[in-house]
Amino acid sequence: QVQLVESGGGLVQAGGSLRLSCTASGRTFSSYTMGWFRQAPGKEREFVAAISRRARLIRYVDSVKGRFTISRDNAKNTVYLQMSSLKPEDTALYYCAAREGTMSSQRSFQPYEYGYWGQGTQVTVSS
């Protein structure tokens with residue numbers, strides 16, 4: 001079983017930047033598609049970004065395109081989410097997730113597609 005631990009969340013002013021990290025332990029990290037999701041109070045968990053096993057495919061939800069960057073370092077068993085130009089609406093609990101299997105333009109964008117989840121790290125953006 002793979003275990004995921006997020007870090008890097010915190011309080012930041014609107015327009016600022018934050019870098020989230022998610023480190024995996026257990027099975028080989030490079031065999032998983034990795035994703036970032038977020039959930040604000042009273043809202044459903046939503047897709048933010050995903051990256052394929054060898055980082056050849058990367059996708060973002062429209063609302064973060066141009067502002068967020070997902071990356072991974074398989075040698076360190078870590079996936080990152082670099083967030084810039086943060087907005088108050090980005091405030092949420094951010095989760096990393098791992099999926100056994102491949103990613104495509106039509107796959108790996110829903111929570112149910114991921115079998116492993118971290119505990120989440122809080123991101124709060126003040127106006």
Side-chain angles (χ1 to χ4, degrees):
Q1 182 181 3
V2 61
Q3 297 180 68
L4 307 174
V5 180
E6 303 98 333
S7 63
L11 176 64
V12 64
Q13 185 174 306
S17 300
L18 213 55
R19 191 193 200 195
L20 306 183
S21 299
C22 174
T23 300
S25 62
R27 227 160 73 69
T28 304
F29 177 73
S30 61
S31 68
Y32 296 98
T33 293
M34 298 298 297
W36 284 98
F37 293 79
R38 64 188 181 187
Q39 187 166 22
K43 297 183 179 180
E44 294 186 355
R45 190 168 300 186
E46 69 169 345
F47 167 79
V48 176
I51 186 167
S52 63
R53 294 174 296 178
R54 295 298 181 182
R56 300 182 72 86
L57 275 177
I58 294 175
R59 295 290 184 273
Y60 303 94
V61 66
D62 288 345
S63 61
V64 309
K65 287 181 179 178
R67 300 189 299 118
F68 290 12
T69 301
I70 187 172
S71 62
R72 67 191 296 164
D73 186 338
N74 288 344
K76 295 182 178 180
N77 279 23
T78 301
V79 62
Y80 306 93
L81 185 67
Q82 176 65 51
M83 306 182 293
S84 300
S85 300
L86 283 162
K87 305 174 181 179
E89 50 262 47
D90 293 319
T91 295
L93 187 63
Y94 282 70
Y95 299 90
C96 66
R99 177 182 186 271
E100 294 182 345
T102 59
M103 171 184 166
S104 75
S105 61
Q106 302 177 76
R107 188 168 59 240
S108 305
F109 308 129
Q110 297 294 328
Y112 75 83
E113 298 180 85
Y114 291 78
Y116 306 97
W117 294 84
Q119 292 292 94
T121 185
Q122 179 67 38
V123 172
T124 302
V125 184
S126 62
S127 59

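Heads up: numbering here begins at 1 and tracks the sequence.
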Donor-acceptor pairs under 3.5 Å, side chain of residues 11-24 to any protein atom, not counting sequence neighbours: which ones?
| residue | atom | partner | partner atom | Å |
| --- | --- | --- | --- | --- |
| Ser17 | OG | Ser84 | OG | 3.4 |
| Thr23 | OG1 | Thr78 | OG1 | 3.3 |

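One N or O on the side chain of Arg72 and one on the backbone of Ser52 form a donor-acceptor pair closer than 3.5 Å. Of the possible polar contacts, one joining the Glu6 side chain to the Cys96 backbone as a donor-acceptor pair under 3.5 Å is found. Checked by atom type and distance alone, the side chain of Gln3 never pairs as donor or acceptor with a backbone atom of Ser25 at under 3.5 Å.
Taken from CZ in Arg56 to CD1 in Ile51, the straight-line distance is 12.0 Å, to the nearest 0.5 Å. Atom OG of Ser30 sits about 4.5 Å away from atom CZ of Arg54, to the nearest 0.5 Å. Expressed to the nearest 0.5 Å, how far CD of Gln106 lies from CZ of Arg59 amounts to 10.5 Å. To the nearest 0.5 Å, atom CD of residue Gln82 and atom CZ of residue Arg67 are 12.0 Å apart.
Under the side-chain contact (heavy atoms from CB on, under 4.5 Å) criterion, Gln39 pairs with Arg45, Tyr95, not counting sequence neighbours. Taking Ser104 as the reference, nothing meets the side chain to side chain donor-acceptor pair (under 3.5 Å) condition, with sequence neighbours excluded. For the side chain to side chain donor-acceptor pair (under 3.5 Å) test, residues two or more places apart in sequence or in another chain that qualify with Gln122 are Thr124.
Asp90 has no carboxylate O lying under 4.0 Å from a charged side-chain N of Lys87, or vice versa, which leaves the two without a salt bridge.
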Legend entry - Trace of the side chain to side chain contact (heavy atoms under 4.5 Å, CB included) decision for Val125 with Val123: CA-CA 7 Å; Val125 184; Val123 172; 4.1 Å; yes

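A disulfide bond (SG atoms under 2.5 Å apart) check over residues 98-127, counting only residues at least two apart or in different chains, returns nothing. Every pair passing ring pair (Phe, Tyr, Trp, His ring centres under 6.0 Å) that includes a residue from residues 45-82 is listed here, sequence neighbours excluded: Phe37-Phe47, Phe47-Phe109.
Counting only heavy atoms from C-beta outward, the side chains of Tyr116 and Glu100 approach each other to under 4.5 Å. With contacts defined as side-chain heavy-atom distances shorter than 4.5 Å, the pair Arg38/Val64 qualifies. Contact check for Ile70 versus Met34: no side-chain heavy atoms found under the 4.5 Å cut-off.
Checking Arg99 against Tyr114 by side-chain atom types alone, no donor-acceptor pair falls below 3.5 Å.
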